[in-house]
Amino acid sequence: MDQIQHKYIEVKGLKLHVAEIGAASSPAVVFLHGFPEIWYTWRHQMIAVSNAGFRAIAPDYRGYGLSDPSSQPEKTTFSDFVDDIHAILNALGISKRAKTPNAYGLVRNSNAHQKGTVHVFPVGKDFGAMVAYRFALCYPDMVLGVVTLGVPFMPPVPPVHHQKLPEGFYIFRWQEPGRAEADFGRLDAKTVVRNIYILFSKSEIPIASENQEIMDLVEPSTPLPSWLTEEEFATYGSLYEKSGFQTALQVPYRSFNEKPNVPDPNNVSDPKVDAPALFIMGEKDYVFKFPDMEDYLRSGRVKKYVPNLEIIYVPEGSHFVQEQFPEKVNELILNFLTRNS
């Protein structure tokens, strides 16, 4: 872990933290975390891909981990995250090409491959998958392939599968202004992150009863998952003590309804990511139980949007499959990177 280097890159006046390892001339793999995670969730994969000859880059999004928050965190958007990733890659010498808006109102690369440009594999986990795929829609000429874990490609329009779940569904609760703040505020930041890690490690969707809050779903005596040590968890807990949860509640939870900036957002053309893609899903991941999710994946409907998608299921894998079974996930990612480099 000591081989991983840390730096700050200034983007729009914010100092964004980036962890990286590997030669600057190597194909780049940008690892995009979810919640309640930070760059550290990719520690096993970063070492593995760098040992295999790739350059691993893992930022903390603005407002997460060691990165500065926006001056108005409550106005942060998915588009901010995509723009930040592009700016970080520019600063690291990955690409320096001009940008023009595409059909989805997203900024994309306007030029074809350029001599000397190092291209990139976005790898996203949880809502980081949404950032990875939006990046691929914005900058298709930069992307060699896309890997996501836990969350598949979803069209960049408000999700509908959540609507079939009851009021106590954790996303509904965290979207409600002030409710999560009050719930989390009863506990210290480390305990909040610990509880969420425990909840998201289970195979059941976190749903509270009418007179219960999400934090009440975890008994104080519940241990961490067996694959996460107290020492490892301390890294997460300490950095959420620094950052708090204001940005994390805004993106992803309060930004799911963010619409693409197009003249008629209700008539967005079907998006497609033509790059090779890999989706890794733990069969015990609670997201698998979202209404219609299993059929969306197993029926192949997802390939309407990502035609060159390979799906691999990991038996017993949880929502944190990359930490639970790092060797297996490393092998799957490396096989994909090697085939598509």
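- Ring geometry, Tyr170 versus Tyr286: the interplanar angle exceeds 60°, so the pair is classed perpendicular (tilted spans 30 to 60°).
- Looking at Arg254, its side chain does come within 3.5 Å of a backbone N or O of Glu176 through a donor-acceptor pair.
- Neither side chain, Tyr40 nor Tyr236, offers a donor N or O lying under 3.5 Å from an acceptor on the other.
- Under the rule for a salt bridge (Lys or Arg N to Asp or Glu O under 4.0 Å), the partners of Glu294 that lie at least two apart in sequence or sit in another chain are Arg298.
- In terms of modelled atom types and a separation under 3.5 Å, the side chain of Gln212 and the main chain of Ser209 share a donor-acceptor contact.
- Taking the charged nitrogens against the carboxylate oxygens, Lys15 and Asp68 have no contact shorter than 4.0 Å, which rules out a salt bridge.
- The shortest non-hydrogen separation linking Pro73 to Thr247 is CB-OG1, 3.7 Å.
- Inter-residue side-chain proximity for Leu239 and Leu66 is flagged as met; some heavy-atom pair is nearer than 4.5 Å.
- Judged by the 6.0 Å distance and 45° axis criteria, Arg134 is positioned over the aromatic ring of Phe78.
- Between Phe127 and Val151, every side-chain heavy-atom pair lies at or beyond the 4.5 Å cut-off.
- Side chains of Glu230 and Arg194 form a contact here, defined as non-hydrogen atoms less than 4.5 Å apart.
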Step-by-step salt bridge (charged side-chain N to carboxylate O under 4.0 Å, His left out) determination, Arg186 to Asp216: CA-CA 11 Å; Arg186 299 177 295 153; Asp216 299 329; 3.2 Å; yes
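- In this structure, Phe169 has its ring center at least 6.0 angstrom away from the ring center of Trp174.
- Between Lys242 and Asp60, no side-chain nitrogen of the basic residue sits less than 4.0 Å from a carboxylate oxygen of the acidic one, so the salt-bridge criterion is not met.
- Counting only distance, with no hydrogens or angles, the side chain of Gln250 and the backbone of Thr76 share a donor-acceptor pair below 3.5 Å.
- Nearest heavy-atom pair, Phe320 versus Pro36, reported as atom, atom and distance to 0.1 Å: CZ-CD, 4.1 Å.
- Rounding to the nearest 0.5 Å gives a distance of 9.0 Å between CD of Glu331 and CD1 of Ile312.
- Counted by atom type alone, His319 and Asp126 present one or more donor-acceptor pairs between their side chains at under 3.5 Å.
- Remark: the backbone N or O of Gln72 is not paired with any side-chain donor or acceptor of Ser70 at under 3.5 angstrom.
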Checking ring pair (Phe, Tyr, Trp, His ring centres under 6.0 Å) for the pair Phe31/Phe121: CA distance, chi angles, key distance, verdict? CA-CA 8 Å; Phe31 290 100; Phe121 291 94; over 10 Å; no
Trace of the salt bridge (charged side-chain N to carboxylate O under 4.0 Å, His left out) decision for Arg301 with Asp292: CA-CA 11 Å; Arg301 281 192 288 126; Asp292 198 41; 2.8 Å; yes
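- Gly145 approaches Ala275 most closely through the heavy-atom pair CA-CB, 4.3 Å.
- Judged by distance alone, with hydrogens and angles left aside, the side-chain atoms of Gln175 form a donor-acceptor pair with the main-chain N or O of Tyr253 at under 3.5 Å.
- Separation of the Tyr305 and Tyr133 ring centroids does not fall under the 6.0 Å cut-off.
- By the 4.0 Å N-to-carboxylate-O rule, Lys328 lies too far from Glu316 to be salt-bridged with it.
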Using side chain to side chain contact (heavy atoms under 4.5 Å, CB included), reason through Val82 and Thr77 one step at a time and then give a plain yes or no. CA-CA 9 Å; Val82 174; Thr77 66; over 6 Å; no
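- A distance of 6.0 Å or more separates the ring centres of Tyr64 and Phe245.
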Could you walk me through whether Val120 and Val29 pass the side chain to side chain contact (heavy atoms under 4.5 Å, CB included) check? CA-CA 6 Å; Val120 65; Val29 185; over 6 Å; no
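- The closest donor-acceptor contact from the side chain of Thr338 to the backbone of Leu334 lies under 3.5 Å.
- At most 12 heavy atoms of other shown residues, nucleotides or ligands fall within 6.0 angstrom of atom NZ in Lys75.
- For the pair Thr41 (side chain) and Ile38 (backbone), a donor-acceptor distance under 3.5 Å is absent.
- Expressed to the nearest 0.5 Å, how far CG of Leu278 lies from CG of Asn335 amounts to 9.5 Å.
- A donor-acceptor pair under 3.5 Å is formed between the side chain of Asp183 and the backbone N or O of Ile214.
- Here CD1 of Ile47 is found 10.0 Å from CG of Asn330. Values are rounded to the nearest 0.5 Å.
- Residues in residues 34-43 take part in these salt bridge (charged side-chain N to carboxylate O under 4.0 Å, His left out) pairs, two or more places apart or across chains: Glu37-Lys125, Arg43-Glu232, Arg43-Glu323.
- Glu219 CD to Asn195 CG: the interatomic distance, rounded to the nearest 0.5 Å, is 10.0 Å.
- Proximity of a side-chain donor or acceptor of Glu283 to a complementary backbone N or O of Ser318 within less than 3.5 Å is not detected.
- Side-chain contact between Phe54 and Leu337 is present, with heavy atoms from C-beta onward closer than 4.5 Å.
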Under the criterion salt bridge (charged side-chain N to carboxylate O under 4.0 Å, His left out), I'd like the reasoning laid out for Arg339 against Glu310: C-alpha separation, chi angles, the key distance, then a yes or no. CA-CA 12 Å; Arg339 289 197 311 268; Glu310 177 185 9; 2.9 Å; yes
Show the numbers, then the answer: is there a side chain to side chain contact (heavy atoms under 4.5 Å, CB included) between Trp42 and Val123? CA-CA 10 Å; Trp42 297 113; Val123 179; 3.9 Å; yes
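- In this structure, the salt bridge (Lys or Arg N to Asp or Glu O under 4.0 Å) partners of Arg173, at least two apart in sequence or on a different chain, are Glu167, Glu213.
- In terms of hydrophobic clustering, with Ile, Leu, Val, Met, Phe, Trp and Tyr side chains grouped at heavy-atom distances under 4.5 Å, Val329 and Val30 are assigned to a common cluster.
- Contact detail for Ser26 and Arg55: the closest heavy-atom pair is CB-N, 3.8 Å.
- Between Phe288 and Tyr313, a ring centre-to-centre spacing shorter than 6.0 Å is recorded.
- Within the 4.5 Å cutoff, the side chain of Asp285 has no heavy atoms near those of the Val321 side chain.
- Rounded to the nearest 0.5 angstrom, Leu249 CG and Arg179 CZ are separated by 13.5 Å.
- Here Phe336 and Phe279 keep their ring centres 6.0 angstrom or further from each other.
- Contact annotation: the side chain of Ser67 never approaches that of Leu14 to less than 4.5 Å [non-hydrogen atoms, C-beta and beyond].
- For Asn308 (side chain) and Asp274 (main-chain N/O), a donor-acceptor pair under 3.5 Å exists by modelled atom type.
- Annotation: the span from Ile9 atom CD1 to Ile88 atom CD1 amounts to 5.5 Å, rounded to 0.5 Å.
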Step by step, work out the side chain to side chain contact (heavy atoms under 4.5 Å, CB included) result for Ser201 and Trp227. CA-CA 10 Å; Ser201 297; Trp227 37 263; 3.7 Å; yes
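- When side chains are defined from C-beta on, Met130 does not count as touching Thr148, because their heavy atoms never get closer than 4.5 Å.
- With respect to the salt-bridge test (charged N to carboxylate O, under 4.0 angstrom), the residues Lys284 and Glu204 do not qualify.
- Considering only heavy atoms from C-beta on, Leu32 stays 4.5 Å or farther from Phe135 through its side chain.
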